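Before any comments, here is the structure.
What you are looking at is a predicted structure, and each value in this text was computed from that prediction instead of being measured.
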Amino acid sequence: MRFLTSSSLFAIALWFFLGWSKKQTEERLDRIQKAAFNTPGVESPLPASVIMVGLGGVGVHFLLAKRLFGLKTFQSIVSVVVGVMVGTVLFIFSRMT
């Protein structure tokens with residue numbers, strides 16, 4: 001039960017994160033396209049904030065799974081993997097409708 005709760009919470013958080021990061025990346029690409037007129041363009045299309053929030057989210061989930069839910073290391077890693085799969089599927093299906 002603890003494993004399913006941990007995976008479900010991560011999947012829901014990932015679903016929100018993917019929506020936010022998609023919006024941030026699209027805004028960044030719009031700015032790059034406007035600024036790239038007659039310039040070589042050197043900005044990364046993926047904002048640093050998206051990378052940092054993503055890494056922080058995985059780290060926080062891993063710590064919460066171990067400390068709060070009492071999962072072992074392997075269970076915490078599998079929980080992240082399951083959460084990523086379920087969260088990504090939720091995000092894709094929510095955008096299809």
Side-chain angles (χ1 to χ4, degrees):
M1 189 66 176
R2 295 176 297 170
F3 176 81
L4 289 176
T5 304
S6 175
S7 297
S8 299
L9 290 175
F10 188 70
I12 292 168
L14 182 68
W15 179 57
F16 285 112
F17 169 74
L18 288 175
W20 172 79
S21 64
K22 181 178 183 276
K23 181 181 173 194
Q24 295 293 316
T25 303
E26 288 175 351
E27 289 174 2
R28 176 77 168 245
L29 286 173
D30 289 342
R31 283 196 310 257
I32 290 172
Q33 288 175 345
K34 288 178 185 175
F37 183 71
N38 288 335
T39 60
V42 295
E43 290 186 64
S44 167
L46 190 61
S49 61
V50 171
I51 295 169
M52 295 308 295
V53 170
L55 291 175
V58 170
V60 166
H61 170 74
F62 187 73
L63 288 174
L64 285 177
K66 286 187 64 73
R67 307 279 184 190
L68 183 65
F69 294 112
L71 299 178
K72 296 178 181 172
T73 302
F74 179 73
Q75 291 173 325
S76 299
I77 293 170
V78 173
S79 173
V80 169
V81 171
V82 169
V84 166
M85 290 188 304
V86 172
T88 303
V89 168
L90 285 174
F91 178 75
I92 291 170
F93 282 130
S94 70
R95 301 296 184 219
M96 291 176 69
T97 58

Could you state whether Phe74 and Val82 fall into the same hydrophobic cluster, counting links through intermediate Ile, Leu, Val, Met, Phe, Trp or Tyr residues with side-chain heavy atoms under 4.5 angstrom apart? yes
Out of curiosity, does Met52 fall in the hydrophobic cluster containing Val50 (side-chain heavy atoms, cut-off under 4.5 Å, transitive links)? no
Considering only Ile, Leu, Val, Met, Phe, Trp and Tyr, and joining two whenever side-chain heavy atoms are under 4.5 Å apart, list the other residues clustered with Phe62. Ile77
When clusters are formed from ILVMFWY side-chain contacts under 4.5 Å, directly or step by step, what else is grouped with Leu63?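 Members alongside Leu63: none; it stands by itself.
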Please, which pairs that meet side-chain hydrogen bond (donor to acceptor under 3.5 Å, both in side chains) have at least one residue in residues 48-60, sequence neighbours excluded?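 Residue pairs with at least one partner in residues 48-60: there are none.
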Only pairs at least two apart or in different chains count here, so list each side-chain hydrogen bond (donor to acceptor under 3.5 Å, both in side chains) that has a residue in residues 51-60.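 Sorted result for residues 51-60: empty, none.
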Quick one: salt bridge (Lys or Arg N to Asp or Glu O under 4.0 Å) partners of Glu26, sequence neighbours excluded? Lys22
Who are the side-chain hydrogen bond (donor to acceptor under 3.5 Å, both in side chains) partners of Lys23, not counting sequence neighbours?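 With neighbours one apart ignored, the set is empty.
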With Leu64 via side chain to side chain contact (heavy atoms under 4.5 Å, CB included) - residues at least two apart: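 Listed in chain order: Val60, Leu68.
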Shortest non-hydrogen contact from Ser94 toward Trp15: OG-NE1, 3.1 Å
Provide the closest heavy-atom pair for Lys66 versus Ser76 in the form atom of the first, atom of the second, distance.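 In this case the closest contact between Lys66 and Ser76 is CG-OG, 3.2 Å.
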Show me the donor-acceptor pairs within less than 3.5 Å that the side chains of residues 5-14 make with the rest of the protein, sequence neighbours left out.
residue : atom : partner : partner atom : Å
Thr5    : OG1  : Met1    : O            : 2.9
Ser6    : OG   : His61   : NE2          : 3.4
Ser6    : OG   : Ser79   : OG           : 2.9
Ser7    : OG   : Phe3    : O            : 3.1
Ser7    : OG   : Ser79   : OG           : 3.2
Ser8    : OG   : Leu4    : O            : 2.7

